[in-house]
Amino acid sequence: MKCPFCGYQESKVIDSRPAEEGATIRRRRECLACQKRFTTYEIIEHMPLVVVKRDGSRQTFDRAKIINGVARACDKRPVAYTQFEKIADEIEQELQSSLEREVSTVDIGEMVMKRLKDIDEVAYVRFASVYRSFKDINTFMDELSKLLSDKN
């Protein structure tokens, strides 16, 4: 680590402790040349996730979009906001831990539906109807039939 006072390239760590609720590590260092002390912070570098939309365009992953979509599907349903955040957290964690840096909206939609199905079936059908662009009542009924057959 380069000393901010003299520019020397080497320093030793005097003290390390977690900061910002464990999201970073605060390190006190001492320059080996001038003996002055300074503080550095170490953080995890997250590689940005890119979402490939159906039309081929690309956007940076935004967990708020998952929360908003789930919230719309759960409107007037007995589902707590903490559940929306939990779904978004789980999906973001799953995507970050995969080696892929690009993910399709189709994959994200399937991940959301899988989780909604376990939380609230009405919200699941609402989300699926928008996500899968149900064209008519028959498509809607097919999805309901699948849901009922999975339940049995």
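None of the values given here were measured: they were computed from a predicted structure. Numbering of residues begins at 1 and proceeds along the displayed sequence. Side chains included, hydrogens not; waters and symmetry mates left out as well; all remaining heavy atoms used.
- Atoms CD and CD1, on E42 and I25 in that order, are 4.5 Å from each other to the nearest 0.5 Å.
- To the nearest 0.5 Å, the span separating CE on M1 from CD on Q9 amounts to 10.0 Å.
- The minimum heavy-atom distance between A73 and L116, with the atom names listed, is CB-CD1, 4.2 Å.
- Counted within 6.0 Å of CZ on R72, heavy atoms from surrounding residues, nucleotides or ligands total 12 or fewer; the atom is thus considered open.
- Not counting sequence neighbours, the partners of Y81 by the ring-ring contact (aromatic ring centres under 6.0 Å, His included) test are F84.
- Taking all atoms of both residues into account, the shortest heavy-atom contact from S16 to R27 is OG-NH1, 2.5 Å.
- Between E94 and E90, the closest side-chain pair of non-hydrogen atoms is not below 4.5 Å.
- In this structure, the side chains of E121 and V125 stay at 4.5 Å or more apart for every pair of heavy atoms.
- Residues L95 and I108 meet the side-chain proximity criterion, which asks for heavy atoms closer than 4.5 Å.
- Side-chain contact between R29 and K36: absent, with no pair of heavy atoms (C-beta onward) separated by less than 4.5 Å.
- Across all non-hydrogen atoms, the minimal contact from A88 to I67 is CB-CG1, 3.6 Å.
- Under the 4.5 Å side-chain contact rule for hydrophobic residues, L49 and V106 share a cluster.
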CA sep, side-chain torsions, deciding dist, call: E110, K114, side chain to side chain contact (heavy atoms under 4.5 Å, CB included): CA-CA 6 Å; E110 292 296 330; K114 181 179 135 192; over 6 Å; no

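- In the hydrophobic clustering of this structure, I91 groups with V51; members are Ile, Leu, Val, Met, Phe, Trp, Tyr whose side-chain heavy atoms approach within less than 4.5 Å, directly or through other members.
- Distance check, rounded to the nearest 0.5 Å: CD of Q83 to CZ of R115 gives 12.0 Å.
- Atom OG of S98 and atom CG of D107 lie 9.5 Å apart (nearest 0.5 Å).
- Here the shortest heavy-atom pairing between C31 and S11 reads CA-CB, 4.1 Å.
- Closest approach of M113 and F127 over heavy atoms only: CG-CD2, 3.4 Å.
- The two atoms that bring F5 and R37 nearest to each other are CE1-O, 3.5 Å, heavy atoms only.
- Listed for the S57 side chain is no donor-acceptor partner under 3.5 Å among the backbone atoms of K53.
- With contacts defined as side-chain heavy-atom distances shorter than 4.5 Å, the pair L32/C3 does not qualify.
- The shortest side-chain heavy-atom distance between R101 and V50 does not fall under the 4.5 Å cut-off.
- With values rounded to the nearest 0.5 angstrom, I87 atom CD1 is found 12.0 Å from M111 atom CE.
- Residues V103 and V70 fall within the same hydrophobic cluster, defined by Ile, Leu, Val, Met, Phe, Trp and Tyr side chains chained together at heavy-atom separations under 4.5 Å.
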